[in-house]
2 protein chains.
Amino acid sequence: MKKFKAHPSACPIVHTMTYIGGKWKPIILGRLINGAVRFGKLAVQIPDISRKILTEQLKELEEDGLIIRHSYNEKPPRVEYELSEIGRTAIPVLMAMTELGDKMHEAITRHKRGVTQAQ
Amino acid sequence: MKKFKAHPSACPIVHTMTYIGGKWKPIILGRLINGAVRFGKLAVQIPDISRKILTEQLKELEEDGLIIRHSYNEKPPRVEYELSEIGRTAIPVLMAMTELGDKMHEAITRHKRGVTQAQ
DNA sequence: ATAAGCGGTAACGTTTATGTAACTAACAGT
DNA sequence: ACTGTTAGTTACATAAACGTTACCGCTTAT
């Protein structure tokens with residue numbers, strides 16, 4: 001979310017959304033919690049993201065200083081991404097999101113069944 | 001993020017993004033943590049969101065069962081929104097985002113100064 | 001010679017999200 | 001009669017985000 005227009009006067013969540021608010025960023029960051037991962041592996045673990053978008057998002061995260069890019073001069077090339085110190089400050093958010101995901105999905109699925117089918 | 005295409009096989013964060021991944025949703029939900037708030041007050045507290053978008057996002061949140069809409073039959077109308085039980089399960093995420101916002105913003109600002117101006 | 005593996009990039013197209021401006025109903029106050 | 005208030009809606013337009021396809025350079029293995 002590069003062009004996020006909102007006064008943070010609203011609340012600090014605005015800042016959080018600016019940096020990790022993209023569709024894929026939390027998912028990418030979540031994959032890096034347990035250490036450096038190479039580009040190809042990220043692409044496999046997040047099957048629905050295109051390589052172009054993955055590249056873009058990684059670049060943005062690197063520019064913001066959330067992740068560090070290690071490029072090893074080998075053939076074929078090897079590039080790894082890992083959380084920086086700043087990136088690691090986001091781990092509580094990522095963990096909370098992980099915690100919430102399945103739980104909320106089940107609850108909402110139940111809710112929608114109840115609403116649309118009226119029991 | 002209605003049309004989120006991603007296998008949750010990736011990780012539960014995918015689900016979280018589906019439901020509260022919009023640009024404004026976490027900010028709106030954050031405003032409701034401390035109890036019901038009426039439409040007009042939300043619009044004032046989040047100055048950069050247009051009323052149309054606010055309406056839309058609230059409707060989506062209501063459809064997903066994250067918030068409850070109370071419409072009092074008064075003139076002029078009064079409508080309040082509050083977190084549902086499902087919505088309250090997101091509070092840890094919202095709190096973590098609130099915690100992170102300012103901290104990360106400062107760190108990134110420092111990082112970018114260091115990177116672009118090289119001291 | 002050819003193919004496969006890796007980490008991309010370029011050109012192009014589509015979809016989703018977001019924004020603006022004008023309008024509504026119904027009443028209360030002046 | 002006119003204005004303000006509230007919570008919207010409608011029509012229209014734009015911008016940002018995301019996606020698809022094809023392609024590149026380099027090396028080792030077949």
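Everything quoted here is computed from the prediction, not taken from an experiment. Letters go in sequence order (proteins before strands), and every chain restarts at 1.
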Provide, to the nearest angstrom, the distance between the [atom1] atom belonging to [X] and the [atom2] atom belonging to [N].
X: A:K75; N: D:dT27; atom1: NZ; atom2: P; value: 5 Å
X: B:M17; N: C:dT16; atom1: CE; atom2: P; value: 16 Å
X: A:N73; N: C:dG8; atom1: CG; atom2: P; value: 13 Å
X: B:L54; N: C:dG19; atom1: CG; atom2: C1'; value: 14 Å
X: B:K25; N: C:dT16; atom1: NZ; atom2: C1'; value: 12 Å
X: A:L58; N: C:dT9; atom1: CG; atom2: P; value: 11 Å
X: B:L42; N: D:dT6; atom1: CG; atom2: P; value: 14 Å
X: A:K41; N: C:dG5; atom1: NZ; atom2: C1'; value: 16 Å

* For A:E60 and for B:T55, locate the closest nucleotide of DNA chain D by heavy-atom distance; then report the residue assigned to the nucleotide nearer the 5' terminus. => B:T55
* Nearest nucleotide by nearest heavy atom, which residue falls closer to the 5' end of DNA chain D, A:P76 or A:G22? ->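 First, find each residue's nearest nucleotide; the 5'-ward one identifies A:G22.
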Just N and O in the side chain of [X]: are any of them under 4.0 Å from OP1 or OP2 of [N]?
X: B:R69; N: D:dG8; result: yes
X: A:Q57; N: D:dA17; result: no
X: B:K59; N: D:dT9; result: yes
X: B:R38; N: D:dA7; result: yes
X: B:Y81; N: D:dG8; result: yes

* Asked: Are any side-chain N or O atoms of A:T16 and backbone N or O atoms of B:L100, one a donor and one an acceptor, separated by less than 3.5 Å?
  ->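 Not confirmed, A:T16 side chain does not pair with B:L100 backbone.
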Considering only nitrogen or oxygen atoms on both sides, find all protein atoms under 3.5 Å from nucleotides 19-25 of chain D and state each distance.
{"from": "D:dG19", "atom 1": "OP2", "to": "A:W24", "atom 2": "NE1", "distance (Å)": "3.2"}
{"from": "D:dG19", "atom 1": "N7", "to": "A:K52", "atom 2": "NZ", "distance (Å)": "3.2"}
{"from": "D:dG19", "atom 1": "O6", "to": "A:K52", "atom 2": "NZ", "distance (Å)": "2.2"}

* Salt bridge or not for B:K25 and B:E60, using N-O below 4.0 Å? -> yes
* Electrostatic pair A:K59:A:E63 at N-O distance under 4.0 angstrom ->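 Judged by the 4.0 Å cut-off on N to carboxylate O distance, A:K59 and A:E63 do not form a salt bridge.
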* Asked: Out of B:H105, B:E106, B:H111, which one pairs with B:T109 under the side-chain contact (heavy atoms from CB on, under 4.5 Å) rule?
  ->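 Option passing the side-chain contact (heavy atoms from CB on, under 4.5 Å) with B:T109: B:H105.
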* So which nucleotide from C:dC6, D:dA7, C:dG7 ends up closest to the side chain of B:F39? ->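 Ranking C:dC6, D:dA7, C:dG7 by closest atom to the B:F39 side chain puts D:dA7 first.
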* Checking side-chain contact (heavy atoms from CB on, under 4.5 Å) for the pair A:T18/B:I108: CA distance, chi angles, key distance, verdict? -> CA-CA 11 Å; A:T18 306; B:I108 290 178; over 6 Å; no
* Heavy-atom count around B:E82 CD within 6.0 Å, excluding the residue itself: above 12? -> yes
* Check step by step if side-chain contact (heavy atoms from CB on, under 4.5 Å) holds for A:R38 and A:L42. => CA-CA 6 Å; A:R38 50 195 296 187; A:L42 280 175; over 6 Å; no
